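Owing to the predicted nature of the structure, the values given are computational and were not obtained by experimental measurement. Reminder, nothing fancy here: chain letters follow the sequence lines and each chain counts from 1.
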Amino acid sequence: MNTTSCEVKPSATERCGCYTISDLAKEFEVTPRALRLYEESGLLEPQRDGQKRIYSERDRVRLRLIIRGKRIGCSLAEVKELFDMYDSSPGESGQIKRLLEKLDERRQALELQRSELALSLADIEQIEQRALETLRELENKGH
DNA sequence: CTTCTTACA
DNA sequence: TGTAAGAA
């Protein structure tokens with residue numbers, strides 16, 4: 001029975017807190033390439049089954065954090081710095097302070113970008129208004 | 001077919 | 001990061 005559906009093929013890594021590189025890549029919508037890069041960068045350290053990488057639940061949690069960090073604008077090196085601090089001193093205020101620093105840096109960068117965007121938008125509107133005005137003048141002459 | 005490594009863009 | 005190539 002059941003030869004064409006469901007999970008009838010748990011090779012050895014199903015719901016035991018283990019994932020293949022493609023499992024995680026699919027779940028987080030990243031390519032396996034990215035996961036290998038994060039490993040090279042020292043952010044992930046999956047176990048091995050021969051050559052195959054076996055990711056644990058912890059790796060999965062970390063991957064989520066890596067992606068969040070990147071979204072915030074952290075480099076892989078910065079994420080690693082945070083990870084290393086957490087690994088060496090879990091629950092210490094130092095790591096939280098550094099995280100706060102990163103967030104502050106990011107906030108400043110984003111606010112700067114925001115003001116620059118505001119200037120660009122203002123320029124666009126100004127040019128737009130002048131162009132519209134010129135267009136109206138042209139149309140009046142024509143008529 | 002899936003994953004791995006290495007190299008190049 | 002993507003993609004390609006060759007091996008496992």
Whole-Å gap separating C1' (dT1(C)) and OH (Y38(A)): 9 Å
Looking at D23(A) and T20(A), would you say the former's side chain and the latter's main chain have a donor-acceptor pair under 3.5 Å? yes
Specify the separation, in whole Å, of atom CD1 of I54(A) and atom P of dT2(B). 16 Å
Give me, pair by pair, the N or O atoms of the protein and of nucleotides 6-9 of chain B that are less than 3.5 Å apart, along with how far apart they are.
unit_1, atom_1, unit_2, atom_2, d
dA7(B), N6, R33(A), NH2, 3.3

Closest to side chain of L37(A), choosing from dC4(B), dT3(B), dT1(C): dT1(C)
side-chain contact (heavy atoms from CB on, under 4.5 Å) partners for E92(A), two or more places apart: S89(A), Q95(A)
Those residues at least two apart in sequence (or on a different chain) that pass salt bridge (charged side-chain N to carboxylate O under 4.0 Å, His left out) with R107(A) are D104(A)
With a 4.0 Å limit, can you tell me whether T31(A) has a side-chain N or O closer than that to the phosphate oxygens OP1/OP2 of dG2(C)? yes
I want to check something: taking the side chain as every heavy atom from C-beta on, are F83(A) and I66(A) in contact at a cut-off of under 4.5 Å? yes
Quick check on dT3(B): is either OP1 or OP2 less than 4.0 Å from any side-chain nitrogen or oxygen of T20(A)? yes
For L44(A) and L35(A), work out which heavy atoms get closest and say how close. CD2-O, 4.3 Å
Grab the CG-C1' distance between L35(A) and dT1(C) for me, whole Å please. 12 Å
The side-chain hydrogen bond (donor to acceptor under 3.5 Å, both in side chains) partners of E39(A) (sequence neighbours excluded) come to R48(A), R53(A)
Could you check whether any side-chain N or O of E78(A) sits under 3.5 Å from a backbone N or O of S75(A), counting only pairs where one atom can act as donor and the other as acceptor? yes
Using whole Å, report how far CD of Q51(A) lies from C1' of dA7(C). 10 Å
What is the separation between atom CG on L43(A) and atom C1' on dT1(C), rounded to the nearest whole Å? 15 Å
Heavy-atom check, side chain of V79(A) versus side chain of L65(A), under 4.5 Å: no
To the nearest Å, how far apart are L24(A) CG and dT3(B) C1'? 14 Å
If the condition is side-chain hydrogen bond (donor to acceptor under 3.5 Å, both in side chains), which residues does R62(A) pass it with, not counting sequence neighbours? D87(A)
Please give me every residue in residues 55-81 of chain A whose heavy atoms get under 4.0 Å of an atom in DNA chain B, ordered by residue number. none
Toward the 5' end of DNA chain C, by each residue's nearest nucleotide, V30(A) or K52(A): V30(A)
